[in-house]
Amino acid sequence: QYSIRVTVSDTPLLTSAEVASHQTHKLQGDPVILYVNKVGPYHNPQETYHYYTLPVCRPKEVRHKALSLGEVLDGDRMAESLYNIHFKENTERQTLCKLTLSEKEVDQLREAIEELYYFEFVLDDIPIWGFVGYMEESGFLPHSHKVGLWTHLDFNIEYNGDSVIFANVSVKDVKPEPLEEGGGGAGHGVSSGGLTVTHTYSVRWFESTLPHSRRAERLRDYSFFPKTLEIHWLSIINSLVLVVLLLGFVIIILMRVLKNDFARYNVEEDGGCDDLDQGDNGWKIIHTDVFRFPLYKSLLCAVLGVGAQFLTLATGIIVMALLGMFNVHRHGAINSAAIVLYALTSCVSGYCSCSFYTQIQGQRWVWNIILTSALFSAPLFFTWSVVNSVHWWSGSTQALPATTVLLLLGAWVLVGFPLTVIGGIVGKNRAGNFQAPCRTRNIARQIPQQPWYKHTAVHMAIGGFLPFSAISVELYYIFATAWGREHYTLYGILLCVFAILLSVGACISVALTYFLLSGEDYRWWWRSVLSTGSTGIFIFVYSLFYYHNRSNMSGLVQSVEFFGYSLLTAFVFSLMLGTVSFWASLAFIRYIYRSLKMD
């Protein structure tokens with residue numbers, strides 16, 4: 001709590017309900033409510049605090065706006081302000097309040113300004129950004145360090161007809177209030193009680209020709225934050241060409257090699273799969289072992305189930321974005337959609353996992369369902385607990401309230417987990433037999449010594465790097481959106497890159513699986529998952545590079561959130577690509593061993 005003396009006008013504040021009817025269509029003179037939201041360091045986008053944690057003008061009774069789940073997850077904490085704004089009515093040098101700041105409060109403001117704190121207001125769902133103060137460093141000997149507080153804000157609001165189009169704040173031609181060491185200096189309203197400052201504001205309305213339906217374009221063109229999300233067609237085309245050449249190379253080479261293999265293996269037509277010449281070498285002679293079920297069946301099926309769930313979720317998010325369901329004025333809409341889709345798609349993970357687990361003769365299907373449900377939710381809960389505890393300790397608005405935590409927990413307990421169980425039961429009952437073209441013998445064949453370039457680590461390096469190279473260009477823009485303040489709008493390009501990523505992962509997995517089998521090594525089950533699933537490792541390494549070389553993030557709060565959720569993101573990519581890789585390899589193996597019988 002701050003010992004602040006506030007002097008304001010007697011104009012009553014309007015509640016959210018009283019202005020709800022004015023949100024879209026307004027008449028001249030209608031009140032336009034301005035919400036204060038959050039403040040935080042400019043270079044740490046996820047380190048945010050409530051605006052009223054600073055010693056600023058605030059009403060006697062703080063009334064908060066009802067927020068959606070996505071807004072709460074995004075760290076929004078909107079509250080009504082003292083600004084008295086009316087539609088299409090200009091205001092000049094209106095007094096907001098007078099504050100008497102103690103020395104401690106002046107030091108708090110000075111520290112915030114030195115850390116480049118910016119604020120976010122919201123007017124008619126339009127975010128407004130500005131810096132709390134001004135800092136100037138000049139000279140070497142003598143060194144000059146000046147810190148000033150912006151005590152006057154100019155609000156520039158654009159309108160078209162009866163609706164607000166855009167709003168921003170400026171401090172042009174305004175002198176900051178100096179904040180000297182120890183609570184101010186002479187000539188700046190200093191009394192024995194501290195530093196006295198007067199906050200004022202002006203409001204200017206400008207007519208715009210942009211219709212209300214296109215006002216999101218105006219916000220995207222605004223440049224308070226640095227613009228990095230430009231159309232990058234050349235880079236995408238370059239990646240696309242490289243990917244097409246890579247896929248073409250892999251497909252042509254494999255087809256030619258397989259054609260020669262089929263021609264050699266099918267010379268004798270007098271027997272089925274069990275009568276093949278045992279004198280040959282290569283993938284043919286391991287036909288009695290290639291479909292031998294792997295170790296850790298339940299874990300493998302859980303990985304495939306959760307990977308299928310995230311493939312469904314990612315596709316759903318991108319399709320919803322292409323349909324225009326996420327725009328810059330819907331705060332946190334993508335967060336809400338992701339949570340709802342994650343809960344609803346839990347049935348996909350349960351079905352895929354338990355169905356395949358039953359096919360490969362797994363017996364502990366109840367344990368399989370539990371493992372599938374916990375494979376991602378347990379790491380997510382642990383990571384969130386650590387990150388949320390750090391935010392709570394620092395007082396950040398990113399710390400979720402208890403009600404939101406209970407809501408999310410209820411969504412998982414009442415929706416996510418039951419759907420996983422239902423999907424698992426349906427998958428178990430509808431599972432057929434595992435379709436293997438060749439019988440598996442009871443005694444496993446001895447695997448010959450493999451050269452170094454066929455070891456798991458080498459395959460993981462190759463299988464992880466190639467898909468990563470296909471998305472490396474787009475990955476920067478995704479990071480700039482997730483860990484910055486940009487609004488991603490190039491969802492069509494994102495869909496193309498997503499399809500390219502899955503295609504490259506599938507083709508590389510098929511190629512690596514063929515090379516593995518050609519060395520008479522039939523342990524392809526987990527190898528196919530790990531080969532392209534290792535792309536997640538490359539993504540996490542890239543996140544380290546992004547943190548140190550492409551961003552100015554710092555501090556415990558921002559670092560814990562960045563690295564915690566980057567690990568989860570890498571894990572999700574590993575699950576998705578491992579799933580695609582496995583099913584591509586399984587389809588390929590079934591095809592080549594079935595083709596041996598065709599003649």
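Keep in mind the model is a prediction, meaning the values are calculated, not measured.
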- request: Test Y35 against E80 for side-chain contact (heavy atoms from CB on, under 4.5 Å), laying out the working first.
  value: CA-CA 5 Å; Y35 294 101; E80 296 177 5; 3.8 Å; yes
query: Where do T48 and E120 land on the side-chain contact (heavy atoms from CB on, under 4.5 Å) test, with the steps shown first?
result: CA-CA 10 Å; T48 56; E120 178 180 293; over 6 Å; no
- request: Using the side-chain contact (heavy atoms from CB on, under 4.5 Å) rule, take S472 and Y542 through it: C-alpha gap first, then chi angles, then the decisive distance, then the call.
  value: CA-CA 9 Å; S472 58; Y542 177 82; 5.9 Å; no
field: Steps toward side-chain contact (heavy atoms from CB on, under 4.5 Å) verdict (F166, L210)
entry: CA-CA 10 Å; F166 177 72; L210 195 68; over 6 Å; no
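You'll find the ring centres of W412 and Y342 outside the 6.0 Å limit. Outside the 6.0 Å centre-distance limit, the rings of F131 and W150 are not counted as a close aromatic pair.
Remark: D154 does not engage K172 in a salt bridge, criterion side-chain N to carboxylate O under 4.0 Å.
Closest approach of G29 and E89 over heavy atoms only: CA-OE2, 3.3 Å. When all heavy atoms are compared, the tightest approach of D125 to R215 is CB-NH2, 4.0 Å. Taking each heavy atom of P418 and V413 in turn, the nearest pair found is CD-O, 3.0 Å. Scanning all heavy atoms of the two residues, the minimum distance from S581 to V529 falls at OG-N, 4.4 Å. Of all heavy-atom pairs spanning A399 and N388, the tightest one is CA-OD1, 3.3 Å. Residues M553 and P45 share a closest heavy-atom pair of CG-CD, 4.3 Å.
A donor atom on one side chain and an acceptor atom on the other are found under 3.5 Å apart for H391 and E561. Judged purely by distance below 3.5 Å, without hydrogens or angles, the side chains of S509 and S585 pair a donor atom with an acceptor atom.
Here the side chain of S349 pairs no donor or acceptor atom with the backbone of G305 at under 3.5 angstrom. Under a 3.5 Å cut-off, the side chain of Q558 and the backbone N or O of G555 do not form any donor-acceptor pair. Without hydrogens or angle criteria, W205 side chain to H86 main chain gives a donor-acceptor distance under 3.5 Å. Using modelled atom types, no side-chain atom of Y491 and backbone atom of L323 make a donor-acceptor pair closer than 3.5 Å. With hydrogens and angles ignored, the 3.5 Å screen pairs a side-chain donor or acceptor of H50 with a backbone N or O of R77. Side chain of T397 to main chain of D76: no donor-acceptor pair is present (N/O by atom type, distance under 3.5 Å, no hydrogens or angles). Remark: the backbone N or O of S531 is paired with a side-chain donor or acceptor of S534 at under 3.5 angstrom.
Here N44 contributes atom CG and Y117 contributes atom OH; the two are 9.0 Å apart, rounded to the nearest 0.5 Å. Separating the OG1 atom in T535 from the CZ atom in F465 is a distance of 11.0 Å, to the nearest 0.5 Å. For the atom pair OG1 of T404 and CG of L409, the computed distance is 12.5 Å after rounding to the nearest 0.5 Å. Here W583 contributes atom CH2 and F356 contributes atom CZ; the two are 4.5 Å apart, rounded to the nearest 0.5 Å. Atom CG of residue L419 and atom OG of residue S373 lie 10.5 Å apart, to the nearest 0.5 angstrom. For the atom pair L568 CG and F563 CZ, the distance stands at 14.0 Å (nearest 0.5 Å).
A 4.5 Å side-chain heavy-atom check between P467 and L501 finds at least one atom pair inside the cut-off. Proximity of L575 to L375: side-chain heavy atoms (C-beta onward) are separated by under 4.5 Å at one or more points. Side chains of L577 and L502 form a contact here, defined as non-hydrogen atoms less than 4.5 Å apart. No side-chain heavy atom of F155 sits under 4.5 Å from any side-chain heavy atom of R204. F87 places a side-chain heavy atom less than 4.5 Å from the side chain of V164. V405 is listed as a side-chain neighbour of W384, based on a closest heavy-atom distance under 4.5 Å. Between V72 and T403, every side-chain heavy-atom pair lies at or beyond the 4.5 Å cut-off. Counting heavy atoms from C-beta on, the side chains of I157 and V32 never come closer than 4.5 Å.
More than 12 heavy atoms of other residues, nucleotides or ligands lie within 6.0 Å of CZ in F206, so this atom counts as buried by the packing criterion.
Using bins of under 30°, 30° to 60° and over 60° for the plane-to-plane angle, the ring pair F562/Y547 lands in the tilted bin.
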